[in-house]
**Student:** 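There's a structure below that I have some questions on.
Letters go in sequence order (proteins before strands), and every chain restarts at 1.
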Protein chains: 2
Amino acid sequence: MTLSTSHRQPLAEEVTAKLRAMIHSGEWQLDQRIPAEPELMAGLGVSRGTLREAIKALAHSGMLEVRRGDGTYVRATSEISGAARRMYQDHTDEHILEVRLGLDTQAARLAARNATADDVTALRAVLAEREVAWHAADFEAWARADWAFHARVAQATGNPLLHELYVSFGDVFHQDLLKQQRKGRMDGLTYEGHGALVDAIEAHDADAAVASVNQNLNSCAEWLRA
Amino acid sequence: MTLSTSHRQPLAEEVTAKLRAMIHSGEWQLDQRIPAEPELMAGLGVSRGTLREAIKALAHSGMLEVRRGDGTYVRATSEISGAARRMYQDHTDEHILEVRLGLDTQAARLAARNATADDVTALRAVLAEREVAWHAADFEAWARADWAFHARVAQATGNPLLHELYVSFGDVFHQDLLKQQRKGRMDGLTYEGHGALVDAIEAHDADAAVASVNQNLNSCAEWLRA
DNA sequence: TAGACATCAAACGTCTGATGTCTAAGCTGG
DNA sequence: CCAGCTTAGACATCAGACGTTTGATGTCTA
């Protein structure tokens with residue numbers, strides 16, 4: 001804590017926090033339109049200007065999209081994923097994948113070092129969900145479970161920052177997966193490999209975990225280039 | 001502009017962009033107080049509400065700090081470094097270092113694959129600066145050169161996203177290094193190692209580059225724990 | 001003279017009301 | 001059934017006023 005903020009928090013900040021909480025808690029779902037300004041004014045007991053400052057702040061960070069004449073929509077569930085959205089806009093899939101590979105590798109290494117038995121159990125459970133969705137050809141459920149697996153690995157590292165990054169980037173990556181599917185090029189290339197990763201984590205074998213991730217994502221990179 | 005803005009961009013967005021440009025261009029320096037709202041209103045030709053929305057957006061992203069009764073100050077030079085500032089506030093040095101290790105490793109691997117002769121030349125130049133600063137006991141210059149080296153490695157990867165991340169996080173990491181120095185525990189542990197990394201990059205030896213980074217940052221991690 | 005206190009101007013925080021502009025949906029006539 | 005028009009609702013912007021906080025200045029006292 002560098003600055004001792006003796007000055008009390010402005011009202012607009014509180015309102016921003018409340019709106020963020022509404023989104024994060026899921027009360028306002030993704031892509032849903034939130035109530036109009038007058039209604040929110042009444043509900044929160046603040047003036048238009050204050051409310052608009054709060055909304056604009058969240059809009060600027062990418063969580064909300066304000067459509068003039070229409071309404072305001074939830075576009076992301078956290079600030080970081082808002083940044084991720086812009087990231088996706090400005091960079092190619094391959095470059096993003098390279099950065100992800102760096103994080104995935106490190107996550108695998110740390111998870112192998114720090115994962116508990118509960119972590120391993122949870123990982124296998126998510127993997128089972130993923131398999132069920134695969135066989136049911138429910139692509140959306142599969143993508144969700146796939147990302148949940150990666151996020152769970154990050155959680156198993158015991159590094160909250162890494163976990164936060166994965167959770168926050170989740171909906172953007174998820175959306176990207178869906179986009180890939182629309183290209184009609186989703187064969188089962190990442191179907192295997194995750195099981196080996198869990199085995200390596202359970203055995204606390206960091207090298208094997210890293211190797212598993214490398215193999216998995218390298219093939220994914222080739223697939224992107226194809 | 002990637003998104004087809006069928007709807008015209010709101011005025012407040014334009015103002016936000018102008019303010020951001022003022023900061024990014026260096027016209028408003030770090031920690032400097034920007035002109036008061038009435039003055040900006042006149043200069044930009046917008047009403048106070050519109051101006052305040054723009055300011056608040058930047059404040060929320062961490063670039064500006066608005067101090068009631070005093071004025072508004074520049075606190076970061078980009079949105080990402082604003083996010084980095086908050087990241088530093090919420091997580092321990094060790095966890096941040098773990099994430100950085102993941103990125104540094106990947107940067108080294110990709111730089112070894114993609115670096116050009118010019119990249120290598122530039123890297124050696126930065127390293128020379130760093131050494132000069134070290135012998136001159138100019139810690140600030142050393143920290144700046146050290147980070148410039150890492151950023152240059154990221155640039156050599158040919159991955160603009162990775163480069164952007166390093167550049168944007170620069171001032172925050174730089175500040176962190178200075179904080180470490182204040183703890184009075186800055187011995188020359190990272191003095192060596194970077195030379196070996198450049199050699200590996202020049203030889204396009206990815207494994208050696210990764211090994212160099214691992215050794216370097218692992219010792220750094222131990223130093224943090226000490 | 002040095003420190004504590006009172007005062008003031010500047011700057012941001014918030015509220016209110018009015019008006020402009022855009023969007024999506026409903027209506028209408030063919 | 002559809003194309004074009006109309007309209008209600010929603011956000012965008014402006015203007016003015018007043019409240020609250022802060023930093024600086026001046027003044028008084030020990």
**Student:** Using the test salt bridge (Lys or Arg N to Asp or Glu O under 4.0 Å), find all partners of A:D118 that sit at least two apart in sequence or belong to another chain.
**Tutor:** none
**Student:** Let me spell it out: for each of A:G69 and A:A12, pick the nucleotide of DNA chain C with the closest heavy atom. Which residue's pick is nearer the 5' end?
**Tutor:** A:A12
**Student:** Describe the nucleic acid contact of A:G71 in one word from base, sugar-phosphate, nothing, applying a heavy-atom distance below 4.0 Å.
**Tutor:** sugar-phosphate
**Student:** May I ask you to list the residues of residues 41-48 of chain B, by number, that have any heavy atom positioned under 4.0 Å from an atom of DNA chain C?
**Tutor:** B:R48
**Student:** Nearest whole Å is fine: how far is C:dT14 C1' from A:E13 CD?
**Tutor:** 14 Å
**Student:** Of the nucleotides C:dC12, D:dG23, C:dA24, which one has an atom closest to the side chain of B:A36?
**Tutor:** C:dC12
**Student:** Atom CG of A:D70 and atom C1' of D:dA8: how far apart are they, to the nearest Å?
**Tutor:** 13 Å
**Student:** With sequence neighbours excluded, tell me which residues meet salt bridge (Lys or Arg N to Asp or Glu O under 4.0 Å) with A:E37.
**Tutor:** A:R52
**Student:** In whole Å, I'd like the distance from the CD atom of B:E53 to the P atom of D:dT13.
**Tutor:** 7 Å
**Student:** Expressed in angstrom and rounded to an integer, what is the separation of A:L51 atom CG from C:dG13 atom P?
**Tutor:** 16 Å
**Student:** At under 4.0 Å, does any side-chain N or O of B:T50 touch on OP1 or OP2 of D:dC14?
**Tutor:** yes
**Student:** Take the protein atom CG of B:L64 and the nucleotide atom P of C:dA11, then report the distance between them rounded to whole Å.
**Tutor:** 16 Å
**Student:** Applying side-chain hydrogen bond (donor to acceptor under 3.5 Å, both in side chains), name anything that partners A:S25, two or more places apart in sequence or on another chain.
**Tutor:** none
**Student:** Choose from D:dC14, D:dC11, C:dC12 the nucleotide whose nearest atom is closest to any side-chain atom of A:E37.
**Tutor:** D:dC11
**Student:** Applying side-chain contact (heavy atoms from CB on, under 4.5 Å), can you list everything that pairs with A:V74, at least two apart in sequence or on another chain?
**Tutor:** A:I23, A:W28, A:L30, A:I34, A:L64
**Student:** Just to verify, what does A:V99 make a side-chain contact (heavy atoms from CB on, under 4.5 Å) with, not counting sequence neighbours?
**Tutor:** B:L103, B:N159, B:L161, B:L162, B:L165
**Student:** What pairs with A:A108 under side-chain contact (heavy atoms from CB on, under 4.5 Å), at least two apart in sequence or on another chain?
**Tutor:** A:L197, A:A209, A:V213
**Student:** I want to verify a distance call: between C:dC12, C:dT23, D:dT13, whose nearest atom is closest to the B:R68 side chain?
**Tutor:** C:dC12
**Student:** Does a salt bridge link A:E13 with B:K56, judged by any charged N lying under 4.0 Å from a carboxylate O?
**Tutor:** yes
**Student:** By salt bridge (Lys or Arg N to Asp or Glu O under 4.0 Å), which residues pair with B:R33, not counting sequence neighbours?
**Tutor:** B:D70
**Student:** Give the rounded distance in Å between these two atoms: CG of B:L11 and C1' of C:dT21.
**Tutor:** 12 Å
**Student:** With distance as the sole test, does B:E131 use its side chain to make a donor-acceptor pair with the main-chain N or O of B:A128 at under 3.5 Å?
**Tutor:** no
**Student:** Starting the side chain at C-beta, find the nucleotide from C:dT23, C:dT21, C:dG13 nearest to B:R52.
**Tutor:** C:dG13
**Student:** Over how many whole Å does the gap from B:R33 atom CZ to D:dA24 atom C1' extend?
**Tutor:** 11 Å
**Student:** Bend angle of the helix from C:dT1-D:dA30 to C:dG30-D:dC1 from five-pair axes at both ends, rounded to 10°?
**Tutor:** 10°
